[in-house]
J.: 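Below: one structure in structure tokens.
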Amino acid sequence: MRFETNRLILRPWSIQDAVDLYQQAKNPNVGPMAGWPVHTSVENSKEIIEKYLSGPLTYAICLKDNKIIGSIELQDANHLSQEIGELEIGYWIGQEYWGNEYTVEAMKCLIQYAFDELESPGLWCGYYDENHKSKRVMEKCGFMYHHSEKEFKEKKNINYMYLKKGGS
């Protein structure tokens with residue numbers, strides 16, 4: 001599946017994207033804020049594509065010229081909810097693209113797909129306390145604060161926001 005917005009293309013990841021992924025993911029200001037370690041090499045990025053970014057609802061966020069600027073995915077939210085069909089959205093964007101509303105644009109596209117095509121009754125999204133930019137993206141997309149949890153591995157506070165189909 002591939003999606004197109006005014007400025008972006010959301011498309012499946014390919015192993016050929018490893019160099020572009022590494023260029024964004026080697027930045028220490030990107031991965032740790034999203035809960036994953038900095039990429040150490042192009043080979044490491046290839047492994048990440050194969051292991052984590054090859055899921056059926058995981059997409060490279062690209063500019064119209066196909067330059068990769070981030071990633072976004074939908075996944076089961078069964079660790080957050082007992083409601084059948086609820087999904088969690090995860091995303092990150094390269095630092096040089098922060099502040100351009102690209103993440104909001106990509107999120108709104110997948111929110112519409114999740115509600116209209118996948119018929120999800122609700123969506124979850126999480127951010128660490130220090131990631132105010134990510135919280136703001138969620139708010140711009142209509143998510144409301146739901147609860148906080150202490151993450152076991154990182155021992156950091158993760159805050160979950162929720163968006164119900166129909167907006168309430």
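Keep in mind that the numbers below use all heavy atoms, side chains included, and drop hydrogens, waters and symmetry copies.
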J.: Just by distance, do the side chain of Thr58 and the backbone of Ser54 share a donor-acceptor pair under 3.5 Å?
T.: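 No, Thr58 side chain to Ser54 backbone: no donor-acceptor pair under 3.5 Å.
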
J.: With a 4.0 Å cut-off on N to O distance, would you call Asp17 and Lys46 a salt bridge?
T.: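 Judged by the 4.0 Å cut-off on N to carboxylate O distance, Asp17 and Lys46 do not form a salt bridge.
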
J.: Flag the pair Leu80 / Glu86 as yes when at least one side-chain heavy-atom distance between them is below 4.5 Å, and no otherwise.
T.: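 The answer is no; the side chains never approach within 4.5 Å.
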
J.: How many angstroms lie between atom CG of Leu53 and atom CG of Leu21, to the nearest 0.5 angstrom?
T.: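 One finds 6.0 Å between CG of Leu53 and CG of Leu21.
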
J.: Would you say Glu43 and Ser41 are linked by a side-chain donor-acceptor pair, where the criterion is simply a distance under 3.5 Å?
T.: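 Ser41 vs Glu43: no donor-acceptor pair found between side chains.
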
J.: Could you list the residues that satisfy salt bridge (charged side-chain N to carboxylate O under 4.0 Å, His left out) with Glu105, not counting sequence neighbours?
T.: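 Testing Glu105 for salt bridge (charged side-chain N to carboxylate O under 4.0 Å, His left out), a comparison that skips the adjacent residues, returns Arg7.
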
J.: Would you indicate whether the side-chain heavy atoms of Lys133 and Met33 approach each other to under 4.5 Å?
T.: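 A side-chain contact is absent here, since even the closest heavy-atom pair is not under 4.5 Å.
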
J.: Begin with the C-alpha distance, continue with both residues' side-chain angles, and end with the deciding distance and a verdict on side-chain contact (heavy atoms from CB on, under 4.5 Å) for Glu96 and Gln24.
T.: CA-CA 9 Å; Glu96 65 188 280; Gln24 300 300 329; 3.8 Å; yes

J.: On a heavy-atom basis, which atom in Ile49 and which in Ser14 lie closest, and how many Å separate them?
T.: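 Heavy-atom minimum between the residues: CD1-O, 3.5 Å.
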
J.: State, with a plain yes or no, whether a side-chain heavy atom of Asn27 is found less than 4.5 Å away from one of Val38.
T.: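 Side chain of Asn27 against side chain of Val38, heavy atoms only: no contact under 4.5 Å found.
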
J.: How far does CE of Met161 sit from SG of Cys125, to the nearest 0.5 angstrom?
T.: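 So the CE of Met161 and the SG of Cys125 are separated by 8.5 Å.
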
J.: Atom CD1 of Ile93 and atom CD1 of Ile61: how far apart are they, to the nearest 0.5 Å?
T.: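 Answer rounded to 0.5 Å: 4.5 Å.
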
J.: Does the pair Leu74 and Glu88 meet the rule for a side-chain contact (heavy atoms from CB on, under 4.5 Å), with working shown?
T.: CA-CA 6 Å; Leu74 290 167; Glu88 182 178 11; over 6 Å; no

J.: Taking Asn131 for the side chain and Tyr127 for the main chain, is one N or O donor matched with an acceptor at less than 3.5 Å?
T.: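 Pair absent, no side-chain N/O of Asn131 close to backbone of Tyr127.
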
J.: Please round to the nearest 0.5 Å and tell me the distance separating atom OH of Tyr162 and atom OG of Ser81.
T.: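 Answer rounded to 0.5 Å: 6.0 Å.
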
J.: What's the shortest heavy-atom distance between Pro121 and Ile84, and which atoms?
T.: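 Distance-wise, the nearest heavy atoms are CG-O, 3.5 Å.
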
J.: Could you tell me which residues satisfy salt bridge (charged side-chain N to carboxylate O under 4.0 Å, His left out) with Glu101, sequence neighbours excluded, listed by chain and number?
T.: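 Salt bridge (charged side-chain N to carboxylate O under 4.0 Å, His left out) check on Glu101 returns Lys140.
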
J.: Search all heavy atoms of Ser45 against all heavy atoms of Ala18 and return the closest pair with its distance.
T.: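 In this case the closest contact between Ser45 and Ala18 is CB-O, 3.5 Å.
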
J.: Under a 3.5 Å cutoff, is there a donor and acceptor pairing between the side chains of Trp13 and Ser71?
T.: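 A donor-acceptor contact under 3.5 Å links the two side chains.
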
J.: Within this structure, what is the CD-CG distance for the pair Glu149 and Asn159, rounded to the nearest 0.5 Å?
T.: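 That separation rounds to 10.0 Å.
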
J.: Could you tell me if the side chain of Trp124 sits less than 4.5 Å from the side chain of His146, heavy atoms only?
T.: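 Yes, close enough: below the 4.5 Å cut-off.
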
J.: By the ring-ring contact (aromatic ring centres under 6.0 Å, His included) test, which pairs, at least two apart or in different chains, include something from residues 55-94?
T.: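 Residue pairs with at least one partner in residues 55-94: Phe3-Tyr59, Trp36-Trp92.
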
J.: Among side-chain atoms of Tyr145 and Glu139, is any donor-acceptor pair under 3.5 angstrom?
T.: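 Judged by distance alone, the side chains do not pair up.
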
J.: So that I know where these two stand, are Tyr160 and His147 an aromatic pair - ring centroids less than 6.0 Å apart?
T.: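 Yes: the rings meet the under 6.0 Å criterion.
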
J.: Is Gln75 close to Leu87 at the side-chain level, that is, under 4.5 Å between some pair of heavy atoms?
T.: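 No, too far: nothing below the 4.5 Å cut-off.
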
J.: Do any pairs count as a salt bridge (Lys or Arg N to Asp or Glu O under 4.0 Å) and have a residue in residues 62-79, sequence neighbours left out, and if so which ones?
T.: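 Qualifying pairs: Glu4-Lys64.
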
J.: Assigning hydrophobic clusters by single linkage (Ile, Leu, Val, Met, Phe, Trp, Tyr; side-chain heavy-atom cutoff under 4.5 Å), is Ile9 placed with Ile89?
T.: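 As far as the 4.5 Å side-chain criterion goes, Ile89 and Ile9 are not connected within one cluster.
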
J.: If you measure from OH on Tyr113 to CG on Leu10, what distance do you get to the nearest 0.5 Å?
T.: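 Those atoms lie 11.5 Å apart.
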
J.: Connecting only ILVMFWY residues whose side-chain heavy atoms lie within less than 4.5 Å of each other, what is the rest of Tyr22's hydrophobic cluster?
T.: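 Taking Ile, Leu, Val, Met, Phe, Trp and Tyr as members, Tyr22 shares its hydrophobic cluster with Val19, Val42.
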
J.: I'd like to check Thr103 versus Trp98 (side-chain heavy atoms, cut-off strictly below 4.5 Å). Are they in contact?
T.: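 Counting from C-beta outward, Thr103 and Trp98 never come under 4.5 Å.
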
J.: Is it true that Leu123 and Met144 fall in one hydrophobic cluster, defined by side-chain heavy atoms closer than 4.5 Å?
T.: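 Each belongs to a different hydrophobic cluster.
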
J.: Please, which pairs that meet salt bridge (Lys or Arg N to Asp or Glu O under 4.0 Å) have at least one residue in residues 109-119, sequence neighbours excluded?
T.: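 Sorted pair list comes back empty.
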
J.: Walk me through whether Ile111 and Cys141 qualify under side-chain contact (heavy atoms from CB on, under 4.5 Å).
T.: CA-CA 9 Å; Ile111 289 167; Cys141 292; 3.8 Å; yes

J.: Do the non-hydrogen side-chain atoms of Met107 and Ile72 ever get within less than 4.5 Å of each other?
T.: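 Yes. Closest side-chain heavy atoms under 4.5 Å.
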
J.: Distance-only, no hydrogens or angles: does the Asn157 side chain make a donor-acceptor pair with backbone N or O of Asp129 under 3.5 Å?
T.: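 Not at all, since once roles are kept as given, no pair shorter than 3.5 Å links the two residues.
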
J.: Any chance you could lay out the side-chain contact (heavy atoms from CB on, under 4.5 Å) test for Ile68 and Leu63, step after step, and finish with the verdict?
T.: CA-CA 7 Å; Ile68 293 172; Leu63 297 176; over 6 Å; no

J.: Are Tyr102 and Val137 connected in the hydrophobic side-chain network, where two residues link if heavy atoms are under 4.5 Å apart?
T.: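 Yes; Val137 is reachable from Tyr102 via cluster members.
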
J.: Can you find a pair of side-chain heavy atoms, one from Gln23 and one from Ile69, that are under 4.5 Å apart?
T.: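 With C-beta onward as the side chain, the pair stays apart.
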
